[in-house]
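Okay, structure first, notes after.
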Amino acid sequence: MALSIIILAAGQGTRMMSNRPKVLHNLAGKPMLQHVVDTSKSLNPEQIFVVVGYKSELVEDVMSGQLLHFIKQKDLLGTGHAVAQCISSVKSGNDILVLTGDVPLVSRGTISSFLSASKETDVNVLSFMPSNPYGYGRIVRNSEQAVCAILEQKDAGELEQEIIESNSGIIFITGRHVKHLIGLLDNNNAQSEYYLTDVIKHASSGGFKVDAMICSEADEVNGVNNQLQLSMVERIYQKKLAYRLMSEGVKVYDPARIDIRGQLTVGKDVVIDINCVFEGVVHLADRVHIGAGCIIKNSQIATNTKILPMTMIDDSNIGQNAVIGPFSRLRPGTECADNTKIGNFVETKKASIGAGSKVNHLSYIGDAILGKDVNIGAGTITCNYDGANKFQTIIEDDVFIGSDTQLVAPVTIGQGATIGAGSTITRNTAAHQLTFSRSKQVSISSWQRPTKIKEV
Ligand code: UD1
Ligand code: CA
């Protein structure tokens, strides 16, 4: 039977204490809802519905372009009401799988085995054994251990509150009976809401086959209702990513102190020290070392390169055997060739640094093309901006720039040239010559140091 997935995402998430809809809060750099959508897509269902309500335009905008069917739930009357809004759009006869936008970690593997187990049932619930079940709907089983109802926290009596087995919110309903069962829901309960969970009670008393599959990976079905739970789910997820990296051979100094917000791919013998953040698409080739406290975004780092601590690299490519950092900031459009060196307090932007070139200390290199084996002295600045427009600096092969030089763009430094320290270079310089621009050094023998004026 074909499958339609319904993702519930209409709630505000008041317990997040935020103006942003709960399902748009980021987990590992992407909205929680996107995690659920990605997992849903991996199951190849015939339809994916997303029920939106609170700030629906924003949610639809963030999630646009993904072939999702958005269903607007005007009044948020409960999870059962949310599913009811989709029923007329669900392809007739399709089984439905209900997921919630605030249970983001559930994996494709878990859902696949849940769907396999669901084939034998009319209604199936993915349950779990949380360490603290408070707040979850509890699975009520009869003396034969058959599932007969789900009781929400607020409706559960003292005895039922003792039940540990809880509803993950993930529910399967067969296409044969879905319309009938959803039609039976009412709002006679503590919250005056149409609970999807009441489907269990109706299916059970109607003689349908009802079951609950206990999820062996309880961590996957943690719900996120507040910032604390979001932070816990983030750590669970990050640890999983760190374990995956280690299983691929990466030395991760501490799996509790790494953040991957995107796709990080690695070669062999990669080392990652503590407190590093990887965002977007990042590749670290064989034997790359990342020092502590680095933030690397949408960048490629080639074989054998070392990124020393506290370095930020954004939208850049680094060649082989390079050494970058500590405390370097590589802004978008930086291309460092093989054997380059970028040192502390160096900022680069739209800069191509040729093979073997070095920018070791305290420099700004922006809108610049450096040839091979260039040496940039400490404190060198490419003055790329005149207040209105940006201009380029070209530094040819084997150039040596003395410390504290300003290169006022547009300007070209000819091959093999040397620039004397402390120069302000405003015109192109000749190849293989020494160029400097500074006033002659003088000593004034009659000069006296000022002395402090005595107060009267
Ligand atoms: C729900 C379940 C509970 C389960 C828990 C698992 C019900 C009645 N309760 O409780 O049994 O243990 O999830 O995490 O189903 N939503 C809508 N429209 C609405 C109301 C909610 O789309 O009118 C969406 C929310 O945006 C959220 C999801 O449904 O993504 C769950 O709603 P929430 O209020 O968080 O339910 P819980 O109290 O967590
Ligand atoms: Ca919830």
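Since the model is a prediction, treat every value here as computed from it, not as a measurement. Start at 1 and go down the list; that is how both ligands and their atoms are numbered.
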Polar atom proximity, Gly223 to ligand 1 (N or O, under 3.5 Å): no

Side-chain ion pair, Lys30 and Asp38, N-O less than 4.0 Å: yes

Do you see a protein non-hydrogen atom under 4.0 Å from atom 22 (O) of ligand 1? yes

Assess Thr100: does it contribute an N, O or S atom lying under 3.0 Å from the Ca ion (ligand 2)? no

Atom CG of Asn142: over 12 foreign heavy atoms under 6.0 Å: yes

Is Asp259 salt-bridged to Arg235, going by a charged N under 4.0 Å from an acidic O? yes

Around atom CD of Glu120, are there more than 12 heavy atoms of other residues, nucleotides or ligands at under 6.0 Å? no

Can we say Lys390 and Asp367 salt-bridge, meaning some charged N sits less than 4.0 Å from an Asp/Glu carboxylate O? no

So for Glu193 against ligand 1, with non-hydrogen atoms under 4.0 Å, the contacting part is neither

Side chains of Thr334 and Thr348: do they bring a donor and an acceptor to under 3.5 Å? yes

Polar proximity ligand 1 side, Gly137 side, N/O cut 3.5 Å exclusive: yes

Specify side chain, backbone, both or neither for Ser166, according to which of its non-hydrogen atoms lie closer than 4.0 Å to ligand 1. neither

How open is the angle at the Ca ion (ligand 2) from atom OD1 of Asn225 over to atom OD2 of Asp102, rounded to 10 degrees? 90°

Please indicate whether any nitrogen or oxygen in Asn167 is less than 3.5 Å from any nitrogen or oxygen in ligand 1. yes

Atom 10 (O) of ligand 1: closest protein heavy atom, distance to 0.1 Å, is Glu152 OE1, 4.0 Å

Of Leu8, Leu196, Thr79, which has the heavy atom at the shortest distance from atom 15 (O) of ligand 1? Thr79

Could you see which bit of Ala10 sits under 4.0 Å from ligand 1, with heavy atoms only: side chain, backbone, both or neither? both

